[in-house]
Each structure stands twice: as C-alpha cells, then as structure tokens.
Amino acid sequence: MTAAAPAPAIETHGLTKRFGRQTVVDAIDLTVPRGSVFGFLGPNGSGKTTTIRMLLGLASASSGTAQLLGHEMPRNVATVLPRVGALVEGPGFAPYLSGAANLSRLDSADLYAPRATHAARVAEALDRVGLSAAASKKVKAYSLGMKQRLGLAGALLTPRDLLVLDEPTNGLDPQGTREVRSLIRSLAAGGTTVFVSSHLLAEIEQICTHAAIMSAGRLVAQGTLDDLRYAGQPRVRLLTPDPAAAARSLARLGLAVDEPPAAGLAPRDVVIEARFDPADDARGESLDIVARLVADGVRVHGYSVERPSLEDRFVALTGEGFDVEG
Amino acid sequence: MSRAETADERAPGGSGPAAARATLGWGLLGTEISVLFRRRRTWAMLGALAIVPVLIAVAVKLRPAASASGRGPAFLDQITSNGLFVAAVGLVVCVPLFLPLTVGVVAGDTIAGEASAGTLRYLLVAPAGRIRLLAVKYLGAAVFCVAATLSVAVAGALAGAVLFPVGPVTLLSGDTISVGESVVRSLLVALFITVSLLGLSAIGLFISTLTDVPVGAMAATIVLAVVSQVLDSLPQLDAIHPWLFSHYWFGFGDLLRQPISWDSFGSNALLQLGYFVVFGALACGRFTTKDILS
Ligand SMILES: Nc1ncnc2c1ncn2[C@@H]1O[C@H](COP(=O)(O)OP(=O)(O)O)[C@@H](O)[C@H]1O
Ligand SMILES: [Mg+2]
C-alpha cells in the first residue's frame, strides 16, 4: 500500500453492454476519482442502471473492463462488494418482513459483517435515514419514500469506501430529497466516494464535485463540474435601442449573433444575444466589448457575459430535458 | 493514515485482516429459515397438509362402514382398529399431489421469488455470493420438505390418538410391534418421503433460476412432478421408470415390514442424490453466469 495515489474508485475501459442487437452501453470510459461525489447524469433509458449493474457484477459486460476500488469486476465481487454500498433501480424488499428484518437479512449476507454487532448495525442504519420509528413495521405498509430510505439504510449497514446510488431521490418529496442530499454530503465528508445517478440534474448538481453525462448509451462528457460548465460557450447579452448597429459591431468582434435584428432604430431597448467562438474562449473576459460598442456609437443600456448553466449543457448534450428558457 | 489505506488491507489477496474478519456465513442460512417460517404462506401450506389426515380420521370416524366398501386405500378401514394408522394413510394420500404441490411452491420460489421482489440484486450486492445463495436456498427448501412431511405425520398421529384406540401395530409382514416402535417406523416413513422430495426440490431450484416469474417456476415444478408419476404408470415406458424421480415415492412399504428392508430406501436416496447433483450443477451453471436484470 505504498502507491501515492490510490486507484480511482471506479474505472472502466470500453465498457459495453448489448441486449440482442441493441447496444445499451456503448464503450464507455468512466473514471471516478476517490473522494469525489460523482453525478452520473442522463435521461431515462440512457444506460445508467445497466452500467451500474455491470459495475456491481450483476450483469456481465459484452466487452470492456470495469474496476471497482482498484480491483477487476466481476472477478472480485466477494472481496470488493463488502466495501461498497449500493442502491440499484429502486428499493427491493420482502413486503411481508419488517424494515429491520429486511436489513438484518442483507447484513447476514455480508461475510465481513461481524455477528456480534449485527443488531446495532441495523438499528444505526435505520436511525441514520430516520426510520427508527418504523423499524418493526412491515415493508408493505411503507410509502415509496420510506422504501427508498430503507434502501439507503441497506447501503449504509457497514462503513463503505464507495456508495453507488442509482436515482436515490426517486419517489421522495422535496424535503426527502434535501435530506438525501445532506446525507450524501455528510458521507462524502467522512471520506466515502459517492457515485450517484440521476436523470434530474437539478437534484444533484449542488452536491457533486464531478459529473458524467450519458446519452443513448454513450458517455458524452465527464469531468469536474467546472470543467463541464466551462466547456460550454459563453454568451453576451446586450440591451440596446440600436440593435442593427450593435449586431454589426459584435460581428466585427468575431461574435455570432443569435438573431440578427432588422435594420433601423427600434422604438425601445432590444435584447441581443451573441456567442463567442468556443475555440477562443479566453477572449470572453479580456475583450472590452462595451468600449468597442460605445466607440461604434451603440447605446448600451445593459450588458452581461453569461456562462451557460450546466442544465443548458445537459440539454445540449443529451438533446433532451425541459426547455428551461421557455 | 487515511481511511482508504485501512480499507485496502481488506482487499482481495490481502491476507490477515480479510481472513480474520470473515464470518462463516451460517447467518444467511439462519435468516433464510427464519424468513421461511415467518411467511404466512408457509404456515398456510403446512396447515393445509396437516388438515388432510385430520379430515380422513374424522370422515372414517363418522362413517366407518363406508371405508370398508372397497373403494379408497386398502388399509383405510384399519384406522378404526388402530389410530396409529392415520399418519401412514395421511402420508400415502399426500405423496402424489399435495406434498409435491407445496414443495413445488417453495422450491420454485427460491430464486425467482427474490428476483420478482427485487431483493435478489440486493442479496448479491451484499454480497451473498451466487453459489452460497443457491446452497442456502436449497437447504431452506430441504428444511421445508422435512416440515411438510412431519406436519402430515404428526397431525395424523394426534388425530388418530384422539379419535381411535391406540395399541400395538400389525405390520405389512404380519408381525406386531409396540406403540413406541411404531412411532419410530412412522418417523422412518417420514424420512423416506422427505428424501423423496429432495430431487424435486433440486429441479425446482433449477427452474427458479430460469425465470423472474415465481408462479411460472412453481407451476412448472409441480407439472413435472405429475408428469413423472404419469410416465411411471405407463407400462410401455418401463425402461425409463427407474430413472424417474418419483419412481420410489411409494417405496416406503419396505420400512413397514419385519425385518426392515432398506433396499428401496437406498435406491431412492441414490436416485434423489443423482437428481440433486445434476440439477444442482445445472442451477449453479445457470445462476453463476446469469445477468441479474430484475
Ligand atoms: N433486460 C433488458 N433487456 C433488453 N433491454 C433492456 C433491458 N434492460 C434495459 N434495457 C434497455 O436498456 C436501455 C437502458 O436502460 P437503463 O440502463 O435502465 O437506463 P437508465 O437507467 O439510464 O434509465 C433502455 O433502452 C432499456 O430499454
Ligand atoms: Mg435507471
């Protein structure tokens, strides 16, 4: 154990899954650094759950490799999985057993969980997700949100090095979603790497340090959240009563104007939006656009440079999601 | 020292800590059996099985003459002279359908039931280990076979003792044995029938690995039990009879003679072992390579 940098928590190379002739996960190279909170984003059906199944050794890869905590999967499931807590495609419990009995069952399946502290582990996991009061209730009497929490409790039975959480906020109300986020934050603060998938960027954007975006089985982007944001083109937003002159002026500066306005004077202020060339991103800040506009006789009543939100980028990459601009 | 480094000592191949910390894993078997007997379904099936000998005893008690009319099992009328026969009659009645039915439900449910409840993926991620899970599931089904047979035998013995006189028993060979000895013979018959059901349990386990629909696996297992008995009754197929898992299901008569003949017990045990090995291997082969997509 002398290596300076530990192996990534998750690392895949060309990981591929085919169902018949449909390629559901298409040669993805995923790298999840230790200690990160990694958002695994993508619309429904983009292959997130299938990827997670392969990572956990539930499904075999059609080709490619996957490593968890530095060890090849699925060959090392027996020794690696005790260090990994997981929620896969929603909670799954025996409805005729109580929440505590269900957890107790999972705990007894883990060879590395000492028998002596069995009951204490179950009680603590239930407490952690706020289900202590419902511990002895049968799971069939649980609401979807309670089942989801019980699933999280199952993932937290023993201290984990890695948590793989597939859509952990599904079925939770806004309050429950906030609680899950704060739980993930506190786990990450304790040193656990958290790999969390979601089709809703907004639900996890605020807690992630890193993210990857899936679209139709392909990994279309990954990196730190800032990397992903800055990969988008910055935009200039201008408020002016001289739209035609402004558009000419911006074009001369090398910006692409979204909707070139009709010539002539507008009766009142008009919003003009323009994009920088993505290749010379750095100019966005240095170029003194306002001074040039004023020099060209354009009256500037409002001006801002905006980075696209991660949401914009998510939509641009996946071609899906809600049109937030309206 | 960072947390990650501590954890790495438990990594594969890492000697000491991992080996020292691993438990023997009997806990999973314990929970499996306790879960089995916490299910209302299990008790409903055991209760239904127990009712069969009780119904027989009550019916014979109410109309003793009807059983002597020649219809029904030959020794049904013996019940009236000795209540200890009720257990044996109950087992004979349950062997062809009721016992295979309940065993089919339990064995067919083993893996497919977990898959359909969504618990299979969580057990495997725990990680239960695929072979270990199969072993635990099979042992759970075997425990149910014991419980099912015993519930018929015990309910029959109790009903017989309550409704009829109890005394020394006349065996099929004509010899007479004491009440104590007859209890031992009843338990031997129960053991014989339990062993008879182990091959069927292995078949059910295998079928259960093929599907995520438990009812399908249960039905298929039960149908096979019936088909095997039908084939066994067709004289044209006598070449395959010794290979049918139901072939010795009624062979426990040998245990009711003096001296006891163990031949059919041995043949039956060997045959069931064969089915266990073949279908156990098929179940392992299937389950260890299966994509868990439930
Ligand atoms: N068992 C299966 N057989 C065939 N196709 C499947 C199966 N499971 C999932 N798929 C397909 O794989 C694709 C990805 O599914 P999934 O990984 O569940 O996506 P996500 O979790 O991102 O919503 C979907 O198009 C789905 O139809
Ligand atoms: Mg999914």
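Chain identifiers are assigned alphabetically (A, B, ...) following the order of the sequence lines, protein sequences preceding nucleic acid strands; residue numbering begins at 1 within each chain. These numbers come from a predicted model, not from an experiment.
No other option in V88(A), L87(A), T49(A) has as many heavy-atom pairs under 4.5 Å with chain B as V88(A). Heavy-atom pairs under 4.5 Å with chain B peak, among G90(A), G70(A), G57(A), at G90(A). The most heavy-atom pairs under 4.5 Å with chain B, out of P91(A), G85(A), A101(A), G151(A), come from P91(A). Across V164(A), L58(A), L81(A), T50(A), the residue that shares the most heavy-atom pairs under 4.5 angstrom with chain B is L58(A). The choice from L97(A), V84(A), L56(A), N102(A) that makes the most heavy-atom pairs within less than 4.5 Å of chain B is L97(A).
M54(A) contributes atom CE, which lies 11.0 Å from atom OG1 of T65(A) (distance to the nearest 0.5 angstrom).
Neither the backbone nor the side chain of L157(A) has a heavy atom closer than 4.5 Å to any heavy atom of chain B. Only the backbone of A78(A) comes within contact range of chain B, with heavy atoms under 4.5 Å apart. For V77(A), the part sitting under 4.5 Å from any heavy atom of chain B is the backbone (N, CA, C, O) and nothing else. In this structure, the portion of T31(B) lying under 4.5 Å from any heavy atom of chain A is its side chain and not its backbone. Contacts of L106(A) with chain B are made by both backbone and side-chain atoms, with heavy-atom separations under 4.5 Å. Residue S294(B) touches chain A through its backbone alone, counting heavy-atom pairs closer than 4.5 Å. For a residue to count as touching a neighbouring chain, one of its non-hydrogen atoms must lie under 4.5 Å from one of that chain's; by this rule P74(A) does not touch chain B. If you measure heavy-atom distances from R130(B) to chain A, the contacts under 4.5 Å come from the side chain alone.
Between the side chain of K138(A) and the backbone N or O of P95(A) there is no donor-acceptor pair closer than 3.5 Å.
No hydrogens or angles considered: nothing links the side chains of T16(A) and S62(A) as a donor-acceptor pair under 3.5 Å.
Under a 4.0 Å N-O distance rule, the pair R53(A)/D166(A) does not qualify as a salt bridge. Using a 4.0 Å cut-off between charged side-chain N and carboxylate O, D26(A) and R18(A) make no salt bridge. Under 4.0 Å is where a charged nitrogen must lie from a carboxylate oxygen, and between R121(B) and E114(B) no such pair does. Under a 4.0 Å N-O distance rule, the pair R115(A)/D107(A) qualifies as a salt bridge. Electrostatic pairing of D109(B) and K137(B) does not count as a salt bridge here, judged by no charged N lying under 4.0 Å from a carboxylate O.
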Self-check item: Evaluation steps, ring pair (Phe, Tyr, Trp, His ring centres under 6.0 Å), between F206(B) and F287(B)
Solution: CA-CA 9 Å; F206(B) 169 60; F287(B) 193 51; over 10 Å; no

